[in-house]
Chemist: 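What follows is a structure written as structure tokens; I'll ask about it next.
Letters go in sequence order (proteins before strands), and every chain restarts at 1.
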Amino acid sequence: MDVREDIVAAIAEALRRSGLEADGVDIAVERPREAAHGDLSTPVAMSLAKKLKQNPLAIAERIAAAVDLPRDLVAAVEAVRPGFVNFRLALPVLQRTVPAILASGDRYGRSDAGKGRTIQVEYVSANPTGPLVIVSARAASVGSCILNLLDASGYGTHAEYYVNDYGKQIEALGESLRFRAKERFGQAAGESIEQYQYPGSYLTTIAGEADEETARKWLEHTVASAELGRYASNQLLASIRRDMQDFGARFDDYFLESTLHPRAVQAAFDRLVAGGHTYQQDGAVFFRSTAFGDDKDRVIRKADGEPTYFLADIAYHADKLARGYDRAVGLLGPDHHGHVPRMQAAMAALGAAPDWLEIIMVGWVRLMEGGNPVSMSKRAGEFIAMRELIDDVGVDVAKYFFLMRRANSPLDFDLTLARKQSDENPVYYVQYAHARIASVIRFAEERGEAAAAGKSDPSQLVAPEERALMLHLLHFPVTVSGAAEAREPHRVTTYAQELATAFHQFYHACRIVGEDPALSAARLDLARATKVVLKNALDLLGVTAPSSM
RNA sequence: GACCCCGUAGCUCAGUCGGAUAGAGCAACAGCCUUCUAAGCUGUGGGUCGGAGGUUCGAAUCCUCCCGGGGUCGCCA
């Protein structure tokens with residue numbers, strides 16, 4: 001099925017026949033940058049040269065001579081200095097992808113590479129003490145796309161949001177809400193919001209929306225701050241869930257930290273103690289994370305007897321481990337990278353496989369407008385909300401911008417560019433290609449010249465632009481599985497952009513609906529196949545594929 | 001101070017488990033619409049890959065040091 005696999009197998013066979021076998025040599029087959037270097041290439045001769053102490057070009061020549069591949073698969077094999085073996089694919093194998101894609105439809109690009117292994121993905125997980133901010137939108141984009149990629153690659157996935165609805169921060173949230181209630185009833189004289197931890201105006205809204213009887217009770221201190229905090233965090237969590245839903249971010253569960261207290265937290269503590277991974281010092285209990293590579297031991301129970309946040313996090317991850325996922329992927333914000341070694345250490349202490357917990361760092365997002373950073377409002381606690389960004393630029397643009405870059409790199413989000421509904425905006429470039437194809441198909445149908453999809457003769461497709469486009473289509477599945485394995489969504493945006501380019505070039509060079517019916521039918525099918533792949537790529541990104549623009 | 005991330009074209013960034021002449025988008029300039037969407041296509045200019053060493057057939061990629069930017073270092077969450 002996959003041409004690469006056939007080529008790898010043929011190279012392996014050629015090595016055996018030529019007596020060039022060397023254990024542990026990886027037969028890499030990659031796409032050369034230069035089209036002149038063929039469609040696929042292997043540097044394996046150069047790897048072997050080192051081991052066998054022979055001239056790499058000579059080895060490459062022996063491989064090229066010994067490789068045996070069907071002529072309808074590979075048209076040319078060439079050994080080139082300094083020692084590459086280049087393969088030029090035969091037209092038939094490229095042409096066959098067109099009907100194959102049309103037959104597969106939305107399944108094209110999917111694979112069973114994951115073999116049903118299960119991966120749990122935890123993402124966003126922002127505290128329910130305020131509205132979601134920009135970096136959460138980025139995490140939501142990246143996490144969703146990784147889930148889509150894993151699903152497409154045959155993994156069983158589970159998406160989860162960890163809600164820190166417990167502890168001092170919730171009490172502080174309650175106190176801040178109480179102040180806003182006092183303000184509502186004109187009883188806040190002599191106090192200022194500056195004294196409180198959560199000065200954002202959203203608590204004013206929550207205090208204002210509560211019914212009067214309830215809100216008046218909040219003024220009395222018989223209502224505990226923790227209770228008030230739970231009220232506020234529930235309201236905030238509800239709005240977070242709405243935001244995530246509107247953004248198209250999938251969550252199978254919202255896991256509440258509060259459900260871990262006290263039993264699961266105690267159980268995690270007991271396990272670490274029983275495993276001999278703890279010691280007491282200054283009245284506190286420490287987890288010896290340095291034994292697992294952390295640079296400092298970490299407190300898990302404070303001198304006052306309370307568990308730390310870290311211990312609850314360990315309990316949470318122990319819960320995940322007990323659920324039996326083959327792997328857990330967690331997205332963390334840029335201010336949390338210090339947590340990685342200690343969390344890895346804790347999982348090791350609990351007996352997880354070394355690579356069981358995989359952490360992906362999501363980089364900072366800086367909003368830029370007119371070339372300058374957007375300054376946060378002067379009022380403390382007011383951040384740019386995710387909701388504002390979405391209202392401003394739309395879901396598609398926001399997601400695409402976040403997925404264009406590597407997840408862990410800092411990102412300047414150019415609002416000025418994102419707002420432009422023009423050719424300067426990269427989102428529209430890809431969407432436009434899809435809309436353009438839809439339009440051409442409509443045109444052909446209106447003229448009554450649109451044959452049924454997949455019935456054409458693909459051997460009509462011989463132009464260089466047609467060949468280049470088919471080659472791109474052929475590479476989609478390996479792009480998807482590679483992006484899934486590497487957890488790198490930006491590979492899909494890069495691919496989508498390249499595919500759009502290949503299509504636009506084809507469109508300009510080749511008239512689709514033309515004089516020759518057989519050629520028109522073949523080109524229309526090529527356009528349809530391109531549309532399928534663009535749609536599948538955009539689906540993975542969570543971005544819509546419009547039929548007209 | 002220790003540790004982590006980053007430094008590639010004017011701007012934003014790909015390329016980083018070592019591979020061929022370092023790429024894309026935007027910006028600049030010059031062309032292309034009487035026929036399927038010009039949100040498109042074609043071309044031009046633009047680089048000591050932060051710097052200096054090292055490893056080797058080969059380094060943007062790996063190692064060391066330095067410079068610059070950001071971050072983390074709590075019995076907070």
Side-chain angles (χ1 to χ4, degrees), chain A residues 26 28 30 32-34 36-37 41-43 46-47 49-50 55-57 80-84 86 127 129 164 166-170 172 197 257 281-286 294-296 298-310 312-313 333-341 361 363-364 366 368 371 401 404-406 408-414 417 420-433 435-444 446-447 449 486 490-491 493-494 497-498 500-501 503-514 520 523-524 527 548-549:
Chain A
D26 180 41
E30 52 206 32
R33 264 198 301 267
E34 289 284 325
H37 295 139
S41 176
T42 181
M46 288 179 286
S47 313
K50 197 170 289 180
N55 182 331
L57 185 56
V80 188
R81 45 103 210 151
F84 290 98
N86 297 336
N127 291 350
T129 53
N164 299 122
Y166 184 87
K168 279 186 189 148
Q169 57 166 357
I170 298 301
Q197 196 174 330
E257 182 194 345
Q281 188 180 305
D282 306 329
V285 179
F286 284 72
D294 198 4
D295 29 291
K296 207 171 145 186
R298 308 290 169 176
V299 174
I300 52 172
R301 175 172 285 171
K302 301 184 245 179
D304 66 4
E306 288 294 309
T308 59
Y309 167 82
F310 178 46
D313 218 10
D335 47 339
H336 283 77
H337 72 249
H339 293 238
V340 178
M361 303 306 301
W364 291 106
R366 194 169 57 146
M368 304 291 284
F401 271 59
M404 276 195 296
R405 311 302 184 207
R406 297 177 69 95
N408 64 347
S409 68
L411 174 68
D412 280 351
F413 191 106
D414 186 341
L417 177 61
K420 282 189 187 165
Q421 303 221 349
S422 74
D423 57 342
E424 292 168 47
N425 193 326
V427 187
Y428 299 116
Y429 183 79
V430 177
Q431 290 185 319
Y432 181 72
R436 197 179 216 184
I437 297 171
S439 171
V440 172
I441 293 170
R442 279 194 300 271
F443 176 85
E446 282 160 17
R447 297 239 308 220
E449 292 176 16
H490 76 275
R491 295 190 191 188
T493 47
T494 304
Q497 237 147 314
E498 286 171 357
T501 297
F503 175 76
H504 287 311
Q505 288 170 340
F506 155 70
Y507 179 87
H508 276 270
C510 304
R511 174 81 197 180
I512 297 172
V513 185
S520 294
R523 285 180 172 169
L524 193 60
S548 66
M549 285 174 72

Chemist: Could you work out, with ring pair (Phe, Tyr, Trp, His ring centres under 6.0 Å) as the rule, every residue matching A:His336, not counting sequence neighbours?
Modeler: A:His339
Chemist: What residues form a salt bridge (Lys or Arg N to Asp or Glu O under 4.0 Å) with A:Arg442, not counting sequence neighbours?
Modeler: none
Chemist: For a stem of at least 3 consecutive Watson-Crick or G-U pairs with distances under 3.5 Å, i pairing with j, i+1 with j-1 and so on, which stems involve RNA chain B?
Modeler: B:1-7 with B:67-73, B:10-13 with B:23-26, B:28-32 with B:40-44, B:50-54 with B:62-66
Chemist: In the 5'-to-3' direction, what one-character label does each nucleotide of nucleotides 25-32 of chain B receive under the scheme B = base within less than 4.0 Å of a protein heavy atom, S = sugar-phosphate only, - = no such atom?
Modeler: -SS-----
Chemist: Applying side-chain hydrogen bond (donor to acceptor under 3.5 Å, both in side chains), can you list everything that pairs with A:Arg366, at least two apart in sequence or on another chain?
Modeler: A:Asp412
Chemist: With sequence neighbours excluded, tell me which residues meet ring pair (Phe, Tyr, Trp, His ring centres under 6.0 Å) with A:Phe413.
Modeler: A:Phe401, A:Phe402
Chemist: So which nucleotide from B:rG19, B:rG40, B:rU37 ends up closest to the side chain of A:Phe443?
Modeler: B:rU37
Chemist: Could you work out, with side-chain contact (heavy atoms from CB on, under 4.5 Å) as the rule, every residue matching A:Gln505, not counting sequence neighbours?
Modeler: A:Thr501
Chemist: Who passes side-chain hydrogen bond (donor to acceptor under 3.5 Å, both in side chains) against A:Arg298, sequence neighbours left out?
Modeler: A:Asp294
Chemist: In B/S/- notation, 5' to 3', how is nucleotides 69-77 of chain B contacted by protein heavy atoms closer than 4.0 Å?
Modeler: --BSSSBSB
Chemist: Report all interatomic pairs (protein N or O, nucleotide N or O of nucleotides 58-60 of chain B) with separations under 3.5 Å.
Modeler:
| residue | atom | partner | partner atom | Å |
| --- | --- | --- | --- | --- |
| B:rG58 | O6 | A:Lys50 | NZ | 3.1 |

Chemist: Salt bridge (Lys or Arg N to Asp or Glu O under 4.0 Å) with A:Arg301: which residues, sequence neighbours excluded?
Modeler: none
Chemist: Applying salt bridge (Lys or Arg N to Asp or Glu O under 4.0 Å), name anything that partners A:Arg491, two or more places apart in sequence or on another chain.
Modeler: A:Glu488
